[in-house]
Visitor: 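Structure provided below as structure tokens; questions to follow.
As a basis for the values below, the full set of heavy atoms in this structure was taken, side chains included, without hydrogen atoms, waters or symmetry mates.
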Amino acid sequence: MRKFFIILFLLTSSLVHLHAQYDLLSAKKNVIKGNYNFWVYTPEEYYYTQETTPLIIFLHGASLCGHDLNRVLRYGSIDAVKIGLMIPALIVAPQNPGGWWNPHKLNEILEWMKRNYVFDESRVYVLGMSLGGYGTLDFAGTYPEKIAAAIALCGGSTLKDYRGLGELPLWIVHGTADRAVSVHESQKVVTGMKTLGITSRLRYDWLSGASHGALARYFYTSKTYEWLFQHTLRDPWRPVNTTIDITKSDLSNAYREFQHRTDQLERELDNER
């Protein structure tokens, strides 16, 4: 009997925790006319730390496009929280119905968040992969004065002018074995920034032998968010952090943490485009 109550207690505790996690998620549908629907994740300590809470904008890849907002929870920063990674930030995850991400629509969501939530507006970050990597660079390069730092994974950019990308701390990462989006797409951006002489705030890594889907692991390691949080618009020089490295070991540990879902996810992402 005692064993039965212990099991019941553990099951009840797990369910309470699960419901608590979902209570922290809020779907925002049609709150901005003509814009994307999006999720907002509110961290557990938010009501004690509002003015100091950072904001992360996560941009998904092509496989999550559509009109079913639940698809956006399949991978990324909110999914990482759901499986136990502590990310002390508001997280906004919009859904793109199709086509390139629109920087101006993303800015409208950011401005909506400013009107409806309290957070540290000097610590707004954006990260995404694949189509979301393009969106990250396009958004950050269009509104560099609003983004404290950005990470673009296995993407590229549709920008015709890269000068805005030189104004903020930026980390571009791409795998050399990416068959969905060629590494040349990211290299083209880096080369363009070098030509303009605007690489003082730029970091970039070409991961030897890494596939497209493998870069999803970046969302599941705490170092990704530690790196973002090192940057703030309050710093007049806006230097890029070069002391935090995300190693193969970090990515392997992240793989083990979500191995129960990663194999299928990586296969899907490898065929994303």
Visitor: Looking at Thr52, is its backbone amide N or carbonyl O close enough to the side chain of Arg123 to form a donor-acceptor pair, meaning the two atoms are under 3.5 Å apart?
Guide: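 Yes; judged by distance alone, with no hydrogens or angles, the pair exists.
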Visitor: In sequence, state the C-alpha distance, the side-chain angles, and the governing distance for Val31 and Phe38, and then conclude on side chain to side chain contact (heavy atoms under 4.5 Å, CB included).
Guide: CA-CA 9 Å; Val31 296; Phe38 55 98; 3.6 Å; yes
Visitor: So, for Trp101 and Phe139, is the gap between ring centers shorter than 6.0 Å?
Guide: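 Here the rings of Phe139 and Trp101 have centres that are no less than 6.0 Å from each other.
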Visitor: Atom NE2 of His60 and atom OG of Ser130: how far apart are they, to the nearest 0.5 Å?
Guide: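 Between His60 NE2 and Ser130 OG, I get 10.5 Å after rounding to 0.5 Å.
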Visitor: Look at the rings of Trp100 and Tyr134 and say which category their plane angle falls in: under 30° parallel, 30 to 60° tilted, over 60° perpendicular.
Guide: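 Tilted, since the angle between the ring planes falls between 30° and 60°.
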Visitor: Evaluate the criterion side-chain hydrogen bond (donor to acceptor under 3.5 Å, both in side chains) for residue pair Ser122 and Arg234; output intermediate values, then yes/no.
Guide: CA-CA 6 Å; Ser122 73; Arg234 290 198 180 98; 3.1 Å; yes
Visitor: CZ/Arg203 to CD1/Ile151 distance, rounded to the nearest 0.5 angstrom?
Guide: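 Spacing of CZ (Arg203) from CD1 (Ile151) equals 9.0 Å.
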Visitor: Quick one: side chain to side chain contact (heavy atoms under 4.5 Å, CB included) partners of Ser63, sequence neighbours excluded?
Guide: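 Ser63: side chain to side chain contact (heavy atoms under 4.5 Å, CB included) contacts with Tyr75, Leu269, Glu272.
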Visitor: Decide yes or no on side chain to side chain contact (heavy atoms under 4.5 Å, CB included) for Leu25 and Ile78, but give the supporting numbers first.
Guide: CA-CA 9 Å; Leu25 269 177; Ile78 291 180; 3.8 Å; yes
Visitor: Tell me every residue that passes side chain to side chain contact (heavy atoms under 4.5 Å, CB included) with Thr191, counting only those two or more places apart in sequence or in another chain.
Guide: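 For Thr191 the side chain to side chain contact (heavy atoms under 4.5 Å, CB included) partners, ignoring immediate neighbours, are Thr195.
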Visitor: Are Val118 and Tyr46 close enough that some pair of their side-chain heavy atoms sits under 4.5 Å apart?
Guide: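 They are in contact (side-chain heavy atoms under 4.5 Å apart), so the answer is yes.
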Visitor: Is there a path of hydrophobic side-chain contacts, each under 4.5 Å between heavy atoms of I/L/V/M/F/W/Y residues, joining Leu55 to Tyr47?
Guide: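 Same cluster.
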Visitor: Apply side chain to side chain contact (heavy atoms under 4.5 Å, CB included) to Tyr117 and Gln50, showing your working.
Guide: CA-CA 8 Å; Tyr117 287 80; Gln50 292 186 8; over 6 Å; no
Visitor: Under 4.5 Å between side-chain heavy atoms, chaining through other members, with only Ile, Leu, Val, Met, Phe, Trp and Tyr counted: pull out the rest of the cluster around Leu170, sorted by chain and number.
Guide: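 ILVMFWY cluster around Leu170 also holds Leu137, Leu159, Tyr162, Leu165, Ile172, Val183, Val189, Val190, Met193, Leu196, Ile198, Leu202, Tyr204, Trp206.
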Visitor: Taking only residues two or more places apart in sequence or in another chain, which ones pass side chain to side chain contact (heavy atoms under 4.5 Å, CB included) with Thr243?
Guide: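 Side chain to side chain contact (heavy atoms under 4.5 Å, CB included) check on Thr243 returns Asn241.
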Visitor: Applying side chain to side chain contact (heavy atoms under 4.5 Å, CB included), run through Thr224 and Ile246 and close with a yes or a no.
Guide: CA-CA 7 Å; Thr224 295; Ile246 299 174; 3.5 Å; yes
Visitor: Could you tell me whether the side chains of Gln95 and Asn37 share a donor-acceptor contact shorter than 3.5 Å?
Guide: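 Looking only at side-chain atoms, Asn37 and Gln95 do not form any donor-acceptor pair under 3.5 Å.
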Visitor: Pro54 versus Phe119: any side-chain heavy-atom pair under 4.5 Å?
Guide: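 No; the side chains remain at least 4.5 Å from each other.
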Visitor: Just verifying a value: how many Å separate Glu51 CD and Thr49 OG1, rounded to the nearest 0.5 Å?
Guide: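 Between Glu51 CD and Thr49 OG1, I get 8.5 Å after rounding to 0.5 Å.
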Visitor: Donor-acceptor check, side chain of Asn116 to backbone of Trp112, threshold 3.5 angstrom: yes or no?
Guide: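 Side chain of Asn116 to backbone of Trp112, a donor-acceptor pair under 3.5 Å: yes, one is there.
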Visitor: Between the main-chain N or O of Gly213 and the side-chain N or O of Asp270, is there a donor-acceptor pair closer than 3.5 Å?
Guide: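 Flag set: sc Asp270 to bb Gly213 pair under 3.5 Å.
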Visitor: What's the verdict on salt bridge (charged side-chain N to carboxylate O under 4.0 Å, His left out) for Glu111 and Lys114, showing C-alpha distance, side-chain angles and the deciding distance?
Guide: CA-CA 5 Å; Glu111 293 302 317; Lys114 290 179 180 179; 3.2 Å; yes
Visitor: Distance alone, cut at 3.5 Å: any donor-acceptor contact between the side chains of Asp138 and Thr158?
Guide: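 There is such a pair (donor and acceptor under 3.5 Å, judged by atom type) between the side chains of Asp138 and Thr158.
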Visitor: With a 4.5 Å limit on heavy-atom distance, are the side chains of Thr53 and Asp120 in contact?
Guide: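 Side chain of Thr53 against side chain of Asp120, heavy atoms only: no contact under 4.5 Å found.
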Visitor: Could you tell me if Asp79 and Tyr220 have a donor-acceptor pair between their side chains, going purely by distance under 3.5 Å?
Guide: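 Present: a donor and an acceptor within the cut-off.
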Visitor: Check whether Trp39 reaches the backbone of Leu69 with its side chain - one donor and one acceptor, N or O, closer than 3.5 Å.
Guide: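 Yes, Trp39 side chain to Leu69 backbone: donor-acceptor pair under 3.5 Å.
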Visitor: Filter on salt bridge (charged side-chain N to carboxylate O under 4.0 Å, His left out), then keep only pairs touching residues 28-37, sequence neighbours left out; what's left?
Guide: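 As it turns out, there is no salt bridge (charged side-chain N to carboxylate O under 4.0 Å, His left out) pair with a partner in residues 28-37 once direct neighbours are skipped.
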Visitor: For Tyr225 together with Tyr125, are the ring centres under 6.0 Å from each other?
Guide: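 Here the rings of Tyr225 and Tyr125 have centres that are no less than 6.0 Å from each other.
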Visitor: Quick one: are Val126 and Leu59 in side-chain contact, heavy atoms under 4.5 Å?
Guide: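 A side-chain contact under 4.5 Å exists here.
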Visitor: Kindly compute the distance separating OG1 (Thr242) from CD (Gln230), expressed to the nearest 0.5 Å.
Guide: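 Answer rounded to 0.5 Å: 10.5 Å.
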Visitor: With no hydrogens and no angle check, is any side-chain donor or acceptor of Asp250 less than 3.5 Å from a backbone partner on Thr247?
Guide: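 Looks like yes, one N/O pair under 3.5 Å.
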Visitor: Using the ring-ring contact (aromatic ring centres under 6.0 Å, His included) rule, collect all pairs that involve residues 164-195, keeping only residues at least two apart or in two chains.
Guide: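 Listed once each, the pairs are Trp171-Trp227.
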Visitor: Before you tell me yes or no, could you show the steps for Glu185 and Lys188 under salt bridge (charged side-chain N to carboxylate O under 4.0 Å, His left out), namely the whole-Å CA-CA distance, both residues' side-chain angles and the distance that decides it to 0.1 Å?
Guide: CA-CA 5 Å; Glu185 291 295 296; Lys188 184 165 58 178; 3.8 Å; yes
Visitor: Just by modelled atom types, is the Gly128 backbone N or O under 3.5 Å from a matching donor or acceptor in the Thr136 side chain?
Guide: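 Such a contact is found between Thr136 side chain and Gly128 backbone.
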Visitor: Let me confirm one number: the CD1-NZ distance from Ile57 to Lys146, rounded to the nearest 0.5 Å.
Guide: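 The NZ atom of Lys146 is 10.0 Å from CD1 of Ile57, to the nearest 0.5 Å.
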Visitor: Counting C-beta onward and ignoring hydrogens, is there a side-chain heavy-atom pair between Arg238 and Arg201 closer than 4.5 Å?
Guide: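 Result yes, sub-4.5 Å side-chain heavy-atom pair found.
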Visitor: If you round to the nearest 0.5 Å, how far is CG of Leu90 from OH of Tyr41?
Guide: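 Between Tyr41 OH and Leu90 CG, I get 9.5 Å after rounding to 0.5 Å.
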